[in-house]
Chemist: 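Sharing a structure with you now.
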Amino acid sequence: MIAAIVRQNGINLCLKNSSPLRKSDVVFSHLLLHFSTVIDPTVPEMLMRKHNFSPAAASQAAPVLARMRNPNKSDSVITFLKENGFSKTQLDNIVKIWPQFLSANLEKTIKPKIKIFQDSGFSANDAVAIISNDPRILRQSLKNRIIPCLATLKVLLGSNFEVARLLKNCGWFLETNLDNNLIQNVEFLKNYGLPLEQITWSMHYFPMILLRKPETVRKFVYKAEQMGVRKSSRMFIHAVRLFSSMSEETLELKLRTFHELGFSEDDIAATFRSVPLVFGVSEKKIKEVKDVLFATGKYKMSCIVKNPVSFMYSVEKRYKPRFKVLEILESESLIEKWPCLAVLCRMSGKKFYEKFVGPYLDRVGDVYVAKGVVIGNEEVERGFEC
């Protein structure tokens, strides 16, 4: 598009000037004026010195200031945000995400958006956190987007506290027409039989699902139903999320991988009903987990089939360190047998430490270094936690 505009502008200017030398001069002057920005190397230094920006933020902001007729106007924007509680780190984040805010109109663009959060009952800290997490909110229409979206979210979530908790993690809810996606999807899921608590929970943890096109969400829901996941199960929304993030080809590849491992059709169906997120684990990791479990000689494929959640834990941070400890304890006859796979993979770092490391610290302390577990009144270093 820019190239086409450049060519057209060049042609028009050439037609107006008969001298070849003048044509070239004018065309290139025009291009330099509109399509290039010469940045004064002192601008980033000034931003770091005057506003305490990080080098990265200053570099992002410099081109914006260089294009402004009056760069000093950005000072009033930065000063206003500082006065309203934005920290250096938050301002840095805003500049990195949306440096153009420095050239925004303070009175028409910035102040009204800040004020609406305050007028709607949000705390100053919440307003600052929401905007600094996604400053593109400031680009949205107050009347047509921000005000109606805040009202909709408060009805769904019930309080400013829950709305703020959502928006701190996902500002997209203020950047789309919720009538076209969220409201329709929530109504569909409610009518389908999902509890409202499960729907609102998914807004916090899988927000993009409910911002998809309604027809797409319906397709994911029907797929989860076809796979045998009960709508009353807490796993149902996880299954919907899985389908929303995976193509048909990728799902087929995952199913083939499980077949090759020895899972039957019934095993795969049972796994999908109980832990659908297992199908989001990469084929590489699935094979790594299988290999490391087999290498111990303690766990057979039948154990893995009964405990598919074992694929979701880290080989390097959970399995290998624990296996080292158990091997030493077994070799010195300090334990009679290893814990079953269901216990081994689910046991927290603290529980594993208390049962298998703490009592034998002189024997296994060198191979199990922990970080930050509090046992009684003592803080113990604990590691290898996934």
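Starting from 1, each residue takes its place in the sequence as its number.
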Chemist: For T296 and V292, indicate whether the former's side chain and the latter's backbone hold a donor-acceptor pair under 3.5 Å.
Modeler: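 Checked: no pair found.
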
Chemist: For the residue pair R212 and M208, what are the closest heavy atoms and their distance?
Modeler: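 Closest pair (atom of R212, atom of M208, distance): CG-O, 3.0 Å.
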
Chemist: Would you indicate whether the side-chain heavy atoms of F236 and P276 approach each other to under 4.5 Å?
Modeler: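 Heavy-atom side-chain distance check fails, nothing below 4.5 Å.
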
Chemist: After noting the C-alpha distance and the side-chain angles of L167 and L150, does the key distance pass the side chain to side chain contact (heavy atoms under 4.5 Å, CB included) rule?
Modeler: CA-CA 10 Å; L167 295 178; L150 286 176; 3.8 Å; yes

Chemist: So, does S120 use its side chain to make a donor-acceptor pair with the main chain of F122 at under 3.5 Å?
Modeler: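 Side chain of S120 to backbone of F122: no pair is present.
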
Chemist: Rounded to the nearest 0.5 Å, how far does CD of E215 lie from CZ of F188?
Modeler: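 Reported value, rounded in 0.5 Å steps: 11.5 Å.
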
Chemist: Taking atom NZ of K324 as the centre, does the number of heavy atoms from other residues, nucleotides or ligands within less than 6.0 Å exceed 12?
Modeler: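 No, because the 6.0 Å sphere around NZ of K324 holds 12 heavy atoms or fewer from other groups.
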
Chemist: May I have the step-by-step check of side chain to side chain contact (heavy atoms under 4.5 Å, CB included) for L81 and I110, ending in yes or no?
Modeler: CA-CA 9 Å; L81 293 179; I110 306 294; 4.1 Å; yes

Chemist: Answer yes or no: is there a side-chain heavy-atom contact under 4.5 Å between Q90 and N93?
Modeler: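 Counting from C-beta outward, Q90 and N93 never come under 4.5 Å.
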
Chemist: Between atom CD1 of I78 and atom CG of L102, what is the distance when rounded to the nearest 0.5 Å?
Modeler: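 Going from the CD1 atom of I78 to the CG atom of L102 covers 5.0 Å.
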
Chemist: Would V364 end up clustered with L361 when hydrophobic side chains under 4.5 Å apart are linked, directly or stepwise?
Modeler: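 Shared cluster, yes.
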
Chemist: Give the minimum heavy-atom separation between I97 and S132, together with the two atoms involved.
Modeler: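 Of all heavy-atom pairs spanning I97 and S132, the closest is CD1-O, 4.3 Å.
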
Chemist: Heavy-atom distance under 4.5 Å between the side chains of L142 and K113, does that happen here?
Modeler: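 They are in side-chain contact.
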
Chemist: Side chain to side chain contact (heavy atoms under 4.5 Å, CB included), that's the test. Do K82 and L91 meet it? Break it down for me.
Modeler: CA-CA 8 Å; K82 287 179 177 178; L91 287 172; 3.6 Å; yes

Chemist: Are there more than 12 heavy atoms of other residues, nucleotides or ligands under 6.0 Å from atom OH of Y192?
Modeler: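 Yes, OH of Y192 has more than 12 neighbouring heavy atoms, counting only those of other groups under 6.0 Å.
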
Chemist: What distance separates M48 CE from S54 OG, expressed to the nearest 0.5 Å?
Modeler: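 The distance works out to 8.5 Å.
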
Chemist: Please determine whether side chain to side chain contact (heavy atoms under 4.5 Å, CB included) holds for the pair N169 and N133, giving the CA-CA distance in whole Å, both sets of side-chain angles, and the decisive distance to 0.1 Å.
Modeler: CA-CA 7 Å; N169 294 319; N133 179 66; 5.6 Å; no

Chemist: Among all residues two or more places apart in sequence or in another chain, which pass the ring-ring contact (aromatic ring centres under 6.0 Å, His included) test with F311?
Modeler: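 F258.
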
Chemist: When you compare the side chain of V309 with that of R346, does any pair of heavy atoms fall below 4.5 Å?
Modeler: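 Contact flag for R346/V309 side chains = yes.
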
Chemist: Where the side chain of R318 meets the backbone of C345, is there a donor-acceptor pair that is under 3.5 Å apart?
Modeler: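 Confirmed, R318 side chain pairs with C345 backbone.
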
Chemist: Would you give the length of the straight line joining atom CD1 of I286 to atom CE of M312, rounded to the nearest 0.5 angstrom?
Modeler: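 Taking CD1 in I286 and CE in M312, the distance rounds to 10.5 Å.
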
Chemist: I'd like to know if V357 and L334 are part of one continuous hydrophobic network [Ile/Leu/Val/Met/Phe/Trp/Tyr, side-chain heavy atoms within less than 4.5 Å].
Modeler: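 Same cluster.
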
Chemist: Does K285 NZ have over 12 foreign heavy atoms under 6.0 Å away?
Modeler: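 Counting other residues, nucleotides and ligands, NZ of K285 exceeds 12 neighbours.
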
Chemist: Using 30° and 60° as the class boundaries, would you call the ring planes of F279 and F272 parallel, tilted or perpendicular?
Modeler: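 Because their plane-to-plane angle lies in the 30° to 60° range, the rings of F279 and F272 count as tilted.
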
Chemist: In terms of hydrophobic clusters joined by side-chain contacts under 4.5 Å, are M203 and I183 together?
Modeler: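 In one cluster with M203: I183, no.
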
Chemist: With clusters defined by side-chain heavy atoms of hydrophobic residues (ILVMFWY) lying less than 4.5 Å apart, directly or transitively, does W172 cluster with F117?
Modeler: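 Yes, F117 and W172 fall within the same hydrophobic cluster.
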
Chemist: Got more than 12 heavy atoms from elsewhere within 6.0 Å of OH, Y205?
Modeler: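 No.
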
Chemist: So, for A56 and K96, which heavy atoms are closest and what is the spacing to 0.1 Å?
Modeler: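 Taking every non-hydrogen atom into account, CB-CE, 3.9 Å.
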
Chemist: Salt bridge check: are K290 and E260 linked by an N-O gap of less than 4.0 Å?
Modeler: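 No, this pair does not count.
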
Chemist: Could you measure the distance from the NZ atom of K300 to the OG atom of S302? Nearest 0.5 Å is fine.
Modeler: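 The OG atom of S302 is 6.5 Å from NZ of K300, to the nearest 0.5 Å.
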
Chemist: Between D92 and K88, does any NZ, NE, NH1 or NH2 come within less than 4.0 Å of an OD or OE carboxylate oxygen?
Modeler: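 Salt bridge present between K88 and D92.
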
Chemist: Below 4.5 Å, heavy atoms only, C-beta onward: do I209 and S202 meet side chain to side chain?
Modeler: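 Contact flag for I209/S202 side chains = no.
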
Chemist: Nearest 0.5 Å, please: how far is CD1 in I146 from NZ in K143?
Modeler: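 Reported value, rounded in 0.5 Å steps: 14.5 Å.
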
Chemist: Looking at S123, is its backbone amide N or carbonyl O close enough to the side chain of Q118 to form a donor-acceptor pair, meaning the two atoms are under 3.5 Å apart?
Modeler: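 It does not hold such a pair.
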
Chemist: Check whether any side-chain heavy atom of F101 sits under 4.5 Å from a side-chain heavy atom of T109, and report yes or no.
Modeler: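 A side-chain contact under 4.5 Å is absent here.
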
Chemist: Ignoring hydrogens and geometry, is there a side-chain-to-backbone donor-acceptor pair from T176 to F173 under 3.5 Å?
Modeler: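 The answer is no, because no donor-acceptor pair under 3.5 Å joins these two groups.
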
Chemist: Less than 4.5 Å apart, side chain to side chain, heavy atoms only: is that true for L251 and L255?
Modeler: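 Yes. Closest side-chain heavy atoms under 4.5 Å.
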
Chemist: So among F323, F356, W338, which one has a side-chain contact (heavy atoms from CB on, under 4.5 Å) with L344?
Modeler: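 So the option named by the test is F323.
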
Chemist: Give a yes or no on whether a salt bridge exists between K190 and E187, defined as a side-chain N under 4.0 angstrom from a carboxylate O.
Modeler: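 Salt bridge: yes.
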
Chemist: Does a donor on one side chain sit under 3.5 Å from an acceptor on the other, for Y360 and E332?
Modeler: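 No.
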
Chemist: Is the CD atom of E336 crowded by more than 12 outside heavy atoms at less than 6.0 Å?
Modeler: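 It does not: E336 CD has 12 such atoms or fewer within range.
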
Chemist: Hey, is the main chain of R241 close enough, under 3.5 Å, to the side chain of S245 for a donor-acceptor pair?
Modeler: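 Checked: pair present.
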
Chemist: State, to 0.1 Å, how close P308 and V275 come at their nearest heavy-atom pair, and which atoms those are.
Modeler: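 Shortest heavy-atom contact: CG-CG2, 3.8 Å.
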
Chemist: Looking at every non-hydrogen atom in both residues, tell me the closest pair between I237 and W201 and how far apart they are.
Modeler: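 So the minimum-distance heavy-atom pair works out to CG2-CZ3, 3.7 Å.
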
Chemist: Are any of the side-chain heavy atoms of L174 and L153 separated by less than 4.5 Å?
Modeler: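 Contact flag for L174/L153 side chains = yes.
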
Chemist: Any link between L178 and L157 through a network of hydrophobic side chains (Ile, Leu, Val, Met, Phe, Trp, Tyr) touching at under 4.5 Å?
Modeler: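 Linked, L178 and L157 end up in one cluster.
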
Chemist: How close do E283 and K254 get, heavy atom to heavy atom, and via which atoms?
Modeler: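 Scanning both residues completely, I find the closest heavy atoms to be OE2-CE, 2.8 Å.
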
Chemist: Please determine if E327 and K298 form a salt bridge, counting it only when a charged side-chain N lies under 4.0 Å from a carboxylate O.
Modeler: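 Salt bridge: no.
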
Chemist: Check whether any side-chain N or O of N105 sits under 3.5 Å from a backbone N or O of K108 as a donor-acceptor pair, and report yes or no.
Modeler: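 Yes: the side chain of N105 pairs with the backbone of K108.
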
Chemist: Is the shortest distance from a Lys or Arg side-chain nitrogen in R165 or E162 to a carboxylate oxygen in the other one below 4.0 Å?
Modeler: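 Here R165 pairs with E162 in a salt bridge, since their nearest N and O are under 4.0 Å apart.
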
